[in-house]
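Just the heavy atoms: all of them, side chains too, but no hydrogens, waters or symmetry mates, feed the values below.
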Amino acid sequence: MLAMLQETGDYVSVREIMKKFDISKRTVYYDLQAVNEWLSDHGLAPVEYVRGRGYLLPEESRSRIPSIAHEVEKDDYYLSPRERKAWVAIQLLTRREPLFMQDITDFLLVSRGTGLSELKQVKKELAAFQLEVVFDKKNGYGVEGKETDQRKALSYFMSQVLHHVSWKSFVSQFQGLVNANVVHRKLPFFQEEQLAEVYELVTRCEKTLGLEFTDDMVFSLTTRLLVYANRLQQGHCITLDADEKEALKQTPEYAGAVQLAGELGRMFGLEFPEDEICYLTLQLLGARVNRASGKDALTDPGKDADADETIQLLKRLIRQMIDLFERHACIFFQNRDELEQRLLIHLKPAYYRIKFGLEIDNPLAEAMESKYGEIFEISRKCVKPLEEHLGKPVDDNEVAYLAMHFGGWMRRENAMPVRRKKAAIVCVNGISAARMLRIQLEQLFPALDIEAVLSLRDYESFPAESVDLLFSTVPLQDSPAPVFTVHPILSDADKAHLLHQVNRVSGQMDAPQGRSAQAILEMVRKYARISDEEGLLRELQRYLSAAGRSPGAEEEKPSLAGLLPPDHLVLRSGAADWKDAIELAAQPLLRKGFIDPRYVKAMIAKVDSYGPYIVVSPGVAIAHAKPEEGVRRLGMSLLKLEQAVPFGPEARHQIRLVLVLASADGESHLRALSQLTVLLREEEVKESLLEAATAEQLAALILRHTSS
């Protein structure tokens, strides 16, 4: 809770604290009392409370807290349930002495009952890694299973307790600094000096490979290398398949792994066998990358690229994935070549992570799925070529990273902000997350000019005095420009809070037409009791954005039923051919001025050029073309045929439902398309649509099945 107050730097309500930590109001008050006692013991001003606004940590306390983070004793820090489970797992996987329940309870500072409960949960989580927790009277608790699975589990649980920026002196992230202190105390082999030394090894390896890893990946690799060296010291060695090793030795990353193994061996007095070097190669292959600048197949389109079969395979898969995304989203990317190159940089490590089961935690996955659900679902569909090739499913963490790329690219091609002020973004979550954040900020502040998007390491040498504002996903201190700490994916409440903060610093950075939903909410709060502040805030935002929307502002996406009223539905017994079917389906939009006649010709020309790519489901086609080819405003129309018309040679190309989509941008139609996907997923629902006798019946069915 103290970390939340320290990093927010603004008033925090009881409701926000309860929601953040999933605790009761009574627990909030109890914890705040404990926080104030700790502050008092360290000579710091207590948390202030202002009626109607909430709790605020005074600036003097905020500025001094990071400097005393290293003094936090283990008795002062209460582990969360998630951290307790992670630490039990880490102890099971790293402890060299016998481990009994008394050791676990002493380590966690909990009762025996809580310790047993945590161990039970850890057993379940380790079972997902094909590992078993065992017990004997002499050695206590331990873990049995393959070494590769034990390392996967250890890497996963370490990520739960480590914060990748915790040891950077210019970052004032109290939670991360405290966690680093706790880790140093609990893991003797995990000291800051070793972290710094191994970190330098990783950065030198970057130069060898001609790559730049994301900030979080550099720290993740650093911690993993320390963990693996510790395992090797204990005699736990990796064994890999001979064919896998041979394939790994042919990659450019193998040279980097040889370099790392040699330097780590000298540090720890170890000899890294070939299997371990190949395992390090896997870690490098699976590492997320910001940029690739070396002379490899990613950046050199010449002879080397042609010779690299994996890169050529990935390029084919990327083209298929973009085709699927364009088909399902009904858009055409303008700068497709550049998008393909960006996706190649991302997909290469993702390919190896999925192929070899190297799980990666994406802290933005949940927010991405919630905030950009349509883009996330379309991205899930477009990974099918990759899944089919590997014979493995792509998990939500990987899908979310891919969705960030597609979502950022869509918004990049459509955003046209008016630029007036200078700002920079510091994002530790990688280039795709940074791109999403950039577009959100440009939409929120139309008068903002984003001068640079920086990694944490870029920021160390960036002239911050050259910009008016800094937006960062981690707190920064001693900056000459005001710093606003933000989440990479902004919710409505985040946007309102950020508007309020920025407006306080700069009067010229107002919300559209100078109005702030947060300011209105605070005004109402003075004179009335509000039962649902979050709900009211959302409604105020919708009202203000609708009343004074700028060209780049995000609009409420219409539903499928809203875009397909009865007069947009056409029922016919048959069509002369597929061209006639498209022309019939487009008539309502032509008649009402949603599209020009040339748009119909453009849709037909697309099918002539590319074949029946518009068939999205057996019996269903979605005809569309580019916005500039004749779209006047967003609209849809639907043709239902009694007799199917062939759009291609396969059985699934016998079409009875032809939907025409006219979209003026890249995403306002996505909600409707997402609902259409759900609608067509059930064969019974599709059959009921085909049996409708009138346009009114058809419209009623669409509304019934999309209103939930």
Side-chain angles (χ1 to χ4, degrees), residues 325-331 368-381 403 406-407 410-411 414 443 491-492 535 538-547 549 553-571 585-589 591-595 614 616-617 620-624 627 631-640 657-690 692 694-708:
F325 194 95
E326 288 183 329
R327 181 190 304 176
H328 286 292
C330 294
I331 61 171
M368 188 71 201
E369 187 172 2
S370 172
K371 180 67 176 173
Y372 298 97
E374 298 98 341
I375 296 174
F376 184 88
E377 287 302 321
I378 294 172
S379 299
R380 190 197 297 278
K381 292 181 177 67
F406 280 122
M410 288 168 63
R411 289 172 174 247
N414 288 309
Q443 291 180 335
S491 65
D492 287 344
R538 285 194 298 270
E539 289 301 316
L540 285 171
Q541 287 177 309
R542 290 193 187 101
Y543 173 77
L544 292 178
S545 60
R549 192 175 300 280
E554 185 175 348
E555 299 184 10
E556 185 73 20
K557 299 181 182 72
S559 67
L560 182 66
L563 291 176
L564 289 176
D567 58 346
H568 283 216
L569 306 175
V570 182
L571 283 69
Q587 286 305 309
L589 298 182
R591 185 174 61 251
K592 298 177 73 173
F594 283 73
I595 58 175
I614 65 172
V616 297
S617 174
V620 183
I622 302 179
H624 58 285
V631 176
R632 293 183 180 177
R633 66 180 191 270
L634 174 65
M636 283 185 177
S637 56
L638 178 66
L639 169 68
K640 184 182 81 72
L657 292 174
V658 182
L659 185 130
V660 170
L661 168 65
S663 178
D665 56 52
E667 59 178 295
S668 58
H669 61 285
L670 290 181
R671 179 187 176 202
L673 276 186
S674 178
Q675 291 177 333
L676 179 66
T677 300
V678 175
L679 194 71
L680 299 177
R681 192 175 294 160
E682 300 292 336
E683 285 299 321
E684 291 182 6
V685 176
K686 189 189 293 188
E687 286 300 319
S688 67
L689 295 176
L690 293 171
T694 65
E696 287 71 22
Q697 289 179 9
L698 189 55
L701 283 168
I702 293 171
L703 178 61
R704 182 191 310 164
H705 290 288
T706 58
S707 58
S708 58

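Here the closest heavy-atom approach between residue L589 and residue A662 is recorded as CD1-CB, 4.3 Å. Nearest heavy atoms, L670 versus M410: CD1-CE, 3.7 Å. Contact record, A586 with V660: N-CG2, 3.9 Å, taken as the closest heavy-atom pair. The shortest non-hydrogen separation linking Q675 to A561 is OE1-N, 4.5 Å. Here the closest non-hydrogen pair linking S688 and L701 is O-CD1, 3.3 Å. Across all their heavy atoms, G562 and S559 have their closest contact at N-OG, 3.0 Å.
Side-chain contact check for V570 versus S637: every heavy-atom pair is 4.5 Å or farther apart. You'll find the side chain of V620 reaches within 4.5 Å of the side chain of K686, heavy atoms only. Side chains of Q697 and L571 form no contact here, defined as non-hydrogen atoms less than 4.5 Å apart. Put simply, the side chain of P558 does not reach to within 4.5 Å of the side chain of R671, judged on heavy atoms. Side-chain atoms of M636 and L673, non-hydrogen and from C-beta on, do get closer than 4.5 Å to each other.
R591 and D567 are not joined by a salt bridge, as no carboxylate oxygen comes within less than 4.0 angstrom of a charged side-chain nitrogen.
Classified by interplanar angle (parallel below 30°, tilted 30° to 60°, perpendicular above 60°), the ring pair H568/F594 is perpendicular.
Between the side chain of K640 and the main chain of L690, a donor-acceptor pair closer than 3.5 Å is present. The backbone N or O of H328 sits nowhere less than 3.5 Å from a side-chain atom of K381 that would complete a donor-acceptor pair. The main-chain N or O of A329 is found under 3.5 Å from a side-chain atom of H669 such that the two form a donor-acceptor pair.
One distance of note links CG of L563 with CG of L634; it measures 5.0 Å at 0.5 Å rounding. Taken to the nearest 0.5 Å, the CG atom of L638 stands 8.0 Å off from the CG atom of L689.
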Passes side-chain contact (heavy atoms from CB on, under 4.5 Å), L676 versus T706? Steps please. CA-CA 8 Å; L676 179 66; T706 58; over 6 Å; no

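Only one option out of L564, L639, V616 pairs with L659 in a side-chain contact (heavy atoms from CB on, under 4.5 Å); it is L564.
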